[in-house]
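Please read the structure below before turning to the comments.
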Amino acid sequence: MKSGLILEDLNDMQGWHESLLREVFPGIRCRRAGTLAGALALISAEQFDIALIDLGLPDGCGTQAIQHLRQQQEQALCIVVTIYDDNDHLFPALKAGAQGYLLKDQTREQFIHKLLNIANGEPP
């Protein structure tokens with residue numbers, strides 16, 4: 001993985017996600033967006049290998065970013081990172097094209113382990 005997109009509206013979480021991506025994929029270039037509009041602009045301008053996408057955004061839902069990214073960059077690995085632990089959020093994210101679904105309340109070690117498994121093709 002050489003390039004990553006982090007779509008998260010909370011600055012602290014953006015930093016945490018970036019540190020995890022850099023630990024799992026040394027040398028990765030990360031771009032951050034705090035809004036759906038910002039993410040869509042980045043997706044239109046740059047190529048990404050992986051994207052960590054929050055669902056609850058101030059200007060929309062992360063599933064819209066997943067759909068857009070999967071249409072524009074089919075090879076990109078889309079992983080939802082959210083607080084929502086229910087089928088009402090999981091299934092729409094998977095339908096939009098997410099290949100992974102991680103919860104924000106996991107420990108660093110759990111998150112890294114699951115991120116590596118998803119990157120290696122484990123089902124969401």
Side-chain angles (χ1 to χ4, degrees):
M1 302 285 176
K2 296 182 183 198
S3 61
L5 170 64
I6 298 164
L7 174 52
E8 168 63 58
D9 59 324
L10 302 174
N11 286 336
D12 290 347
M13 290 303 294
Q14 282 182 1
W16 191 67
H17 292 156
E18 184 170 343
S19 72
L20 294 171
L21 283 178
R22 291 184 186 282
E23 184 173 336
V24 174
F25 307 109
I28 193 170
R29 176 186 52 83
C30 294
R31 297 290 305 233
R32 298 180 186 187
T35 64
L36 177 60
L40 296 179
L42 285 172
I43 291 166
S44 295
E46 300 182 35
Q47 291 290 109
F48 295 101
D49 299 313
I50 188 169
L52 301 183
I53 299 173
D54 187 18
L55 294 178
L57 301 167
D59 62 341
C61 182
T63 56
Q64 295 169 280
I66 295 167
Q67 290 171 329
H68 189 72
L69 184 57
R70 298 291 290 153
Q71 289 170 354
Q72 300 296 317
Q73 303 177 34
E74 190 174 302
Q75 84 292 347
L77 181 63
C78 296
I79 301 171
V80 170
V81 183
T82 186
I83 60 169
Y84 301 113
D85 185 16
D86 59 70
N87 291 339
D88 291 339
H89 290 89
L90 171 66
F91 291 123
L94 296 177
K95 185 176 179 182
Q99 294 125 307
Y101 196 93
L102 299 174
L103 298 175
K104 290 181 179 180
D105 64 354
Q106 297 178 65
T107 67
R108 184 177 192 87
E109 293 75 24
Q110 290 171 323
F111 195 97
I112 288 171
H113 176 74
K114 290 181 180 185
L115 182 59
L116 281 168
N117 286 346
I118 294 167
N120 289 323
E122 180 179 292

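For clarity, every value in this text was computed on a predicted model and none was experimentally measured. Just so you know, these numbers use all the heavy atoms, side chains as well, and skip hydrogens, waters and symmetry mates.
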Set of residues satisfying salt bridge (charged side-chain N to carboxylate O under 4.0 Å, His left out) with respect to R32, sequence neighbours excluded: E18
Non-hydrogen atoms of C30 and I6 that approach each other most closely: CB-CD1, 4.3 Å
D105 CG to T82 OG1 distance, which is reported to the nearest 0.5 Å: 10.0 Å
Could you list the donor-acceptor pairs under 3.5 angstrom formed by side chains in residues 9-17, with sequence neighbours left out?
from: Q14; atom 1: NE2; to: E8; atom 2: O; distance (Å): 2.6
from: Q14; atom 1: NE2; to: A33; atom 2: O; distance (Å): 3.4
from: H17; atom 1: ND1; to: M13; atom 2: O; distance (Å): 3.3

Least distance between heavy atoms, L21 atom then I28 atom: O-CG2, 3.7 Å
Pairwise distance CG(L42) to CG(L7) - rounded to 0.5 angstrom: 9.5 Å
For residues 50-59, which side-chain donor-acceptor pairs fall under 3.5 Å, sequence neighbours excluded?
from: D54; atom 1: OD2; to: K104; atom 2: NZ; distance (Å): 3.4
from: D59; atom 1: OD1; to: L36; atom 2: N; distance (Å): 2.7
from: D59; atom 1: OD2; to: L36; atom 2: N; distance (Å): 3.3
from: D59; atom 1: OD2; to: A37; atom 2: N; distance (Å): 3.0

Contact summary for F111 and L103, nearest pair of heavy atoms: CD1-O, 4.3 Å
Value rounded to 0.5 Å, distance of CD in Q67 from CD1 in I43: 11.0 Å
Contact summary for S3 and Q47, nearest pair of heavy atoms: OG-O, 3.0 Å
Pairwise salt bridge (charged side-chain N to carboxylate O under 4.0 Å, His left out) hits with a residue in residues 65-76, at least two apart: none
Interatomic distance, C61 atom SG to Q64 atom CD [nearest 0.5 angstrom]: 6.5 Å
Non-neighbouring partners of E46 that pass salt bridge (charged side-chain N to carboxylate O under 4.0 Å, His left out), sequence neighbours left out: R29, R31
Only pairs under 3.5 Å count here: list side-chain donor-acceptor contacts from residues 87-98, not counting sequence neighbours, and write none if there are none.
from: H89; atom 1: ND1; to: D86; atom 2: OD1; distance (Å): 2.8
from: H89; atom 1: ND1; to: D86; atom 2: OD2; distance (Å): 3.1

Closest non-hydrogen atom pair between F48 and Q73, with its separation: N-OE1, 2.6 Å
Side-chain donor or acceptor of Q71 paired with backbone N/O of H68 under 3.5 Å: no
